[in-house]
Student: 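Okay, here's the structure, questions in a sec.
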Amino acid sequence: MAPIIELERVAKTFAVRHRAGRLRRQRHEVHAVDDVSFTVDPGAMVGYIGPNGAGKSTTVKMLIGILLPSRGTVRVDGRDPSRHRIAVASRIGVVFGQRTQLWWDLPLIDSFALLRHVFRVPAARHAATLATLVDLLGLGPFLATPVRQLSLGQRMRGELAAALLHEPPILFLDEPTIGLDLVAKEAVRSFLAHRNREAGTTVLLTTHDLVDVERLCDRILIIDRGRVIEDGTVDGIKARYGTERTLVVDLEAPLPPVAIEGAAVLRVEGPRQWLRFHRDAHTAADLIARVAALAPVRDVAIEEPAIEDVVRHIYGR
Amino acid sequence: MGDVTATAGTYGRLVGGRIRADWQYRTSFVLFLVGQSLVAGFEFASLAVLLANVDALAGWSALEVAFLYGVSGLAFGVADLFISQVETAAVHIKAGTFDHFLVRPLGPLLQLSAAEFAPRRLGRSVQPAIVLAVVLGRLDVDWTAAHVTLVPLTIASAVVIYGAIWVATSSIAFWTVETQEIANSFTYGGNELTSYPIDVLGRWLRRAVTFVVPLASIAYLPACELFAKPLPFGLPRAAAWAGPIVAVVAVAAAGTIWRTAVRHYRSTGS
Ligand SMILES: Nc1ncnc2c1ncn2[C@@H]1O[C@H](COP(=O)(O)OP(=O)(O)O)[C@@H](O)[C@H]1O
Ligand SMILES: [Mg+2]
């Protein structure tokens, strides 16, 4: 299966001028993306994550034909997006969480009608796609509302519909859940999961919210200072970096912190104790046996590391 | 051809969208229209006074000057209506909203023209159109078929040339954002220049205007042909027909500059 997105040794450098003294202006270069290579297969759902300023948006902008790479080659659906911008535009859907692509002063439905003409979708086809999207995203109640009066969550659902009206096989989302409340976030996530499953849409999303990644993505790419520093499945990365697990034990009676080598008691709350242990130092079964040898145990649970902690650990290196 | 029709249709829809959006703020729209009409009325009155009192300007009669005004003013008005929006590229570049034009399967120039369309600019063409209509019937011109075609041909070429200058000068914004003033002085200044016979300008400027910035072809050379005056610098009479050629060259140059500029678009860090 040929990859649908390909980046080979891609870099983007911005020349930035800033004032140095009264008249002097200094020029320096920002390496927003610095040698990034990866490919994405059709139907995959990839999370592109990293701290602020890591180069996520810059990468996406090169993939959708907004920015010309300074070095390297980019291919989307087999084409160079900056040279074949118009051909690529009709094969991709784009959502920017921070900005609207809808017509601000017009009712939501008008944006959809205008986009139908821009993307040259036949009327019957458009009607069918729109009906499905309105249904899935629950847009019905506010189709006639001007976009500027929509809540952020409603607007984001509108943006998703707008990006998919021409049924693109690839969807790029830059921070699609930013600023949304939990309910709206969940609506966006379940819609994306559904779209990926049912239509086979390839999705590349950048996010700060690792729950998005954990809920949605088969694969995560972690980028830092313009370079991809990790590429793998969520579970794989957890297994590799999430070396610290936590055992929660409920004892029969409250006790002072148990003393076991290779396990640190994080917290004690009545009869309940939290023990952090290293994957290499103990197996869970081994540690439970040791606790049980010290005091009668009523119940146990293992807490796996949160992806947040893993990512923090990776950035911290 | 079908493609051109479809694109024109899409352009029309996008302009319609813009007008409907503006209609949300109709009070200010109506107030603006009233103000514009007042200004146009004053302008028209002063022009009438000027034409009534100035018999000959550098060997040109008042009617002939009015013809120059009508042709260049109308061309400028039409270019202003459809193409001047390209100036707002600077605003979209600064805000990063130019991004949106690049992710849709339409040329960014077309989208910009539609997105920033302002029907009120129609007002700019009304006065020169009236002047031209009045003047055309009174001019002492030998209306051969060639001369009849020369008038619309000149206007069309002038629209295209003005548009090309607008696009080319606005492209600078992709390198340095704070350039709206540069583009403005260029085109608005250009309009002043072609409204009066270039004979009143200095010799050096005349040369520059005729050859370096070929604005003269916009109205002056065709007017010389129509009014049976010798062309400046002993140019052959055929030079009066240079408008379309200049227009084609201007479009090619402006197109290249614009495309290069768009490739330099750097968006904004978010
Ligand atoms: N248009 C631009 N001009 C100058 N610097 C930019 C521009 N866009 C991004 N940058 C810089 O490049 C780096 C990466 O930015 P970005 O890709 O937006 O990061 P992210 O989306 O991961 O937060 C940052 O240092 C940012 O300031
Ligand atoms: Mg970003």
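All heavy atoms count here, side chains included; hydrogens, waters and symmetry mates do not. So you know, we letter chains A, B, ... as the sequences are listed, proteins then strands, and number each from 1.
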Student: Please classify the contact between A:R148 and chain B as side chain, backbone, both or neither, with a heavy-atom cut-off of under 4.5 Å.
Tutor: side chain

Student: Check each atom of A:R120 against the heavy atoms of chain B and say whether the ones under 4.5 Å are side chain, backbone, both or neither.
Tutor: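 Side chain only.
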
Student: At a 4.5 Å cut-off on heavy atoms, which part of A:T100 comes close to chain B: side chain, backbone, both, or neither?
Tutor: backbone

Student: Hey, which of A:F119, A:F172, A:W104 has the most heavy atom pairs under 4.5 Å with chain B?
Tutor: A:F119

Student: Quick check on the interface: out of A:Q101, A:R85, A:H166, A:E175, who has the most heavy-atom pairs with chain B under 4.5 Å?
Tutor: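 Option with the greatest count: A:R85.
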
Student: Measure the acute angle between the ring planes of B:W258 and B:F174, then classify it against the limits of 30° and 60° as parallel, tilted or perpendicular.
Tutor: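 Rings of B:W258 and B:F174: perpendicular, as their planes differ by over 60°.
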
Student: Between B:Y265 and B:W175 (judged by ring centroids, cut-off 6.0 Å), do the two rings come close enough to count as a pair?
Tutor: no

Student: Would you mind telling me which of B:A115, B:G16, B:G107, B:G96 has the largest number of heavy-atom pairs within less than 4.5 Å of chain A?
Tutor: B:G96

Student: Would you kindly say whether A:D174 and A:S57 are connected by a side-chain donor-acceptor distance under 3.5 Å?
Tutor: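 Yes, because at least one side-chain N or O of A:D174 sits under 3.5 Å from a partner of the opposite role on A:S57.
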
Student: Between A:L115 and chain B, which part of the residue has a heavy atom less than 4.5 Å away: side chain, backbone, both or neither?
Tutor: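 A:L115 touches chain B through side-chain heavy atoms alone.
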
Student: Below 4.5 Å from any heavy atom of chain B, which atoms of A:I66 appear? Answer side chain, backbone, both or neither.
Tutor: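 Both the backbone and the side chain of A:I66 come within 4.5 Å of chain B.
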
Student: At a heavy-atom separation under 4.5 Å, does B:Y11 approach chain A through its side chain, its backbone, both, or neither?
Tutor: neither

Student: Do B:D3 and B:T5 have side-chain atoms, one donor and one acceptor, less than 3.5 Å apart?
Tutor: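 B:T5 and B:D3 do not have a side-chain donor-acceptor pair below 3.5 Å.
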
Student: Can you confirm whether the side chains of B:Y162 and B:D80 place a donor and an acceptor under 3.5 Å from each other?
Tutor: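 Absent: no donor and acceptor within the cut-off.
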
Student: Is the ring centre of A:F14 less than 6.0 Å from the ring centre of A:H31?
Tutor: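 They do not qualify: ring centres at least 6.0 Å apart.
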
Student: Return the option, out of A:V88, A:D105, A:D110, with the maximum number of heavy-atom pairs under 4.5 Å with chain B.
Tutor: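 The answer is A:D105.
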
Student: Applying the side-chain contact (heavy atoms from CB on, under 4.5 Å) criterion to A:L171, which one of A:L164, A:T202, A:L204 satisfies it?
Tutor: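 Passing option: A:L164.
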
Student: Tell me, out of B:R20, B:R18, B:Q111, who's got the most heavy-atom pairs with chain A below 4.5 Å.
Tutor: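 Between B:R20, B:R18, B:Q111, the count favours B:R20.
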
Student: Can you say whether A:V118 sits under 4.5 Å from chain B via the side chain, the backbone, both, or neither, judging by heavy atoms?
Tutor: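 Backbone plus side chain of A:V118, per the 4.5 Å heavy-atom cut-off to chain B.
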
Student: Apply side chain to side chain donor-acceptor pair (under 3.5 Å) to residues B:D99 and B:S267 and explain how you reach the verdict.
Tutor: CA-CA 7 Å; B:D99 286 11; B:S267 189; 3.0 Å; yes

Student: Checking heavy atoms, do the side chain of A:F96, its backbone, both or neither come under 4.5 Å from chain B?
Tutor: side chain

Student: Go through the side-chain N and O atoms of A:H117 and B:T10 and say whether any donor and acceptor fall under 3.5 Å apart.
Tutor: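 Absent: no donor and acceptor within the cut-off.
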
Student: Measuring heavy-atom distances to chain A, does B:A95 have an atom under 4.5 Å in its side chain, in its backbone, in both, or in neither?
Tutor: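 Backbone only.
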
